[in-house]
Amino acid sequence: MNGRSADMGPYLLGLRLSGRKVLVVGGGRVAQRRVPALIEAGAQVTLVSPEVTPALDDLIEAGRITWHARPYQHGDCAGAWLVQACTDVRDVNAAVAAEAEAERVWCVRADDKDAAAAWTPASGRVDEISVAVTAGGDPRRAAGIRDAIVGALRDGTVDARRSRTKPVGVALVGGGPGDPGLITVRGRQLLAQADVVVADRLAPRALLDELAPDVELIDAAKVPYGRSLPQEEINAILVDRALAGKFVVRLKGGDPFVFGRGGEEAIACAEAGVPVVVVPGITSAVAAPASAGVPVTHRGVSQEFHVISVHVPPGDPRSTVDWPALGRTEGTLVLMMAVERIGKIAEALIREGRSPETPVMVVQDGTLPTQRELIASLSTVADRVSAAGIRPPAIIVVGDVVRVGQEVGMVRAERVT
Ligand SMILES: C[S@@+](CC[C@H](N)C(=O)[O-])C[C@H]1O[C@@H](n2cnc3c(N)ncnc32)[C@H](O)[C@@H]1O
């Protein structure tokens, strides 16, 4: 290390590279990882390499970097503020580093941390906060620590709020299908900042355990066959708490705008002059089939999928669903709130043209540890569902994509007999 002690820790700087030349020597995977961050920092990247990866080629094509398609030559470091020696040839990296050293330009070497004048920290950004970690030159360890810090900043475990950025009003947050890992980063951040949380039964319950003790938790459980808060009362709670200056998170299952009455809540807030943000969530309509291995679309099998609420059965005067059209289509049907009405649904689909042999999959408690699946056909599904004691919440998938799931061997249908 040029006679300097390898034991000394690095002196961390935040380089503001906007408009400054950075030389990258090498066009392989290391360069491919480094260049996007340099571009994001505004650097004028000059890349020297006889060949480049397709990802770097895209950046060249887009005019984001300048490429010299040739090997490194002495003199390439001229005018650079920073040099990245990223080739897989040690002697070339050493030559680049030597030229940079002579020019008093900082040089990072991917192949030899001890010979490098500078290290690239594992870095991350959360809003305006930049995190950079070095761990004695061990990049994996640094990346792990970076991930932990960035994750904690994102989910609010490390509270980096500035008081003026404290959210106000109501956030309608999609909690995802049930697994607490399937909420979005933004949803988790807002949840960590809530004064009041109004949660549905289908919102991921595990996330509620993490709330601080002083957070007011209101259970708006819409328990099937049980007691629930009427929608008007929920709207009133959201508005009242927000008008009292609290930041309210309305935590819902799946996506707030997919059969979640999120639109009604957003309108109620808007009418009361309460600021409202909507954080989309992963809907169970797609996630429950996926977690059972079934894609809702598949090339050559289904190029459409229909998501249908069957809270009222076919033939009911309140139903606005075009069952004849669904009987004619070859597309995937994803039925929600359908368990109790599956007999009438199957009858209607067969009557309207679907084959009785059409495969059907039922996924109860999708993405949760209690997930169960059942595979049947349109002609057998009603009996199978009742024999297996399937209960809501469940998604019912109708169509040949169910066979695709079986084909890839991910479906564990034997779990329900
Ligand atoms: C009122 S809807 C809410 C849908 C939710 N907004 C979404 O995007 O997933 C309730 C229905 O969603 C489905 N559902 C929700 N979570 C589920 C899960 N984890 N597994 C299977 N179905 C689920 C069931 O069909 C249930 O009856």
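Note that ligands are numbered from 1 as they come in the structure, with each ligand's atoms numbered from 1 the same way.
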Between the main-chain N or O of Val296 and the side-chain N or O of Thr332, is there a donor-acceptor pair closer than 3.5 Å? yes
Using heavy-atom distances only, which candidate in Val258, Leu202, Leu368 approaches atom 6 (N) of ligand 1 most closely? Val258
Under 3.5 Å, is there a donor-acceptor pair between the Ser291 and Thr367 side chains? no
Ligand 1 contact on Thr283 by region, counting heavy-atom pairs under 4.0 Å: both
Flag for Glu357-Ser377: side-chain donor and acceptor within less than 3.5 Å: no
Salt-bridge test for Glu347 and Lys344: reply yes if a basic N is under 4.0 Å from a carboxylate O, no otherwise. no
Contact (N/O only, under 3.5 Å) between Thr367 and ligand 1: no
Mode of Asp365 contact toward ligand 1 - side chain, backbone, both, neither (heavy atoms, under 4.0 Å): backbone
Taking atom types as modelled and ignoring hydrogens, do the side chains of Glu373 and Gln364 form a donor-acceptor contact shorter than 3.5 angstrom? no
Closest approach of any protein heavy atom to atom 27 (O) of ligand 1, naming residue and atom: Met337 CG, 3.2 Å
Show your reasoning for whether salt bridge (charged side-chain N to carboxylate O under 4.0 Å, His left out) applies to Asp112 and Arg90. CA-CA 8 Å; Asp112 188 339; Arg90 205 183 147 70; 2.9 Å; yes
When you look at CZ of Arg64, are more than 12 heavy atoms from neighbouring residues, nucleotides or ligands closer to it than 6.0 Å? no
What protein heavy atom lies closest to atom 22 (N) of ligand 1? Include the residue and the distance to one decimal. Ile395 CG1, 3.3 Å
Would you mind listing which atoms of ligand 1 come within a distance below 4.0 Å of any non-hydrogen atom of Met336? 4 (C), 9 (O), 12 (O), 13 (C), 25 (O)
Protein contact of atom 19 (N) of ligand 1 - nearest heavy atom, named by residue and atom, plus distance: Pro177 O, 2.8 Å
Region of Val363 that comes within reach of ligand 1 [heavy atoms, distance under 4.0 Å]: backbone
Can you tell me if Ala394 has a non-hydrogen atom under 4.0 Å from ligand 1? yes
Of all protein heavy atoms, the one nearest atom 5 (C) of ligand 1 is Gly253 O, 3.2 Å
Check each of Gly262, Gly174, Gly254 against atom 7 (C) of ligand 1 and report the one with the nearest heavy atom. Gly254
State whether a side-chain donor-acceptor pair under 3.5 Å links Gln189 with Arg186. yes
Could you list the atoms of ligand 1 found under 4.0 angstrom from a heavy atom of Phe259? 1 (C), 2 (S), 3 (C)
Counting only N and O atoms by type, is there a donor-acceptor contact under 3.5 Å from the side chain of Arg34 to the main-chain atoms of Val24? no
Before accepting this row, confirm whether a basic side-chain N of the pair Arg241/Glu216 lies closer than 4.0 Å to the acidic partner's carboxylate O. yes
When you measure from atom 17 (C) of ligand 1 to each heavy atom in Ser284, Gly366, Ala288, Ser309, which option holds the nearest one? Ser284
Looking at ligand 1, does Pro393 have a heavy atom less than 4.0 Å from it? yes
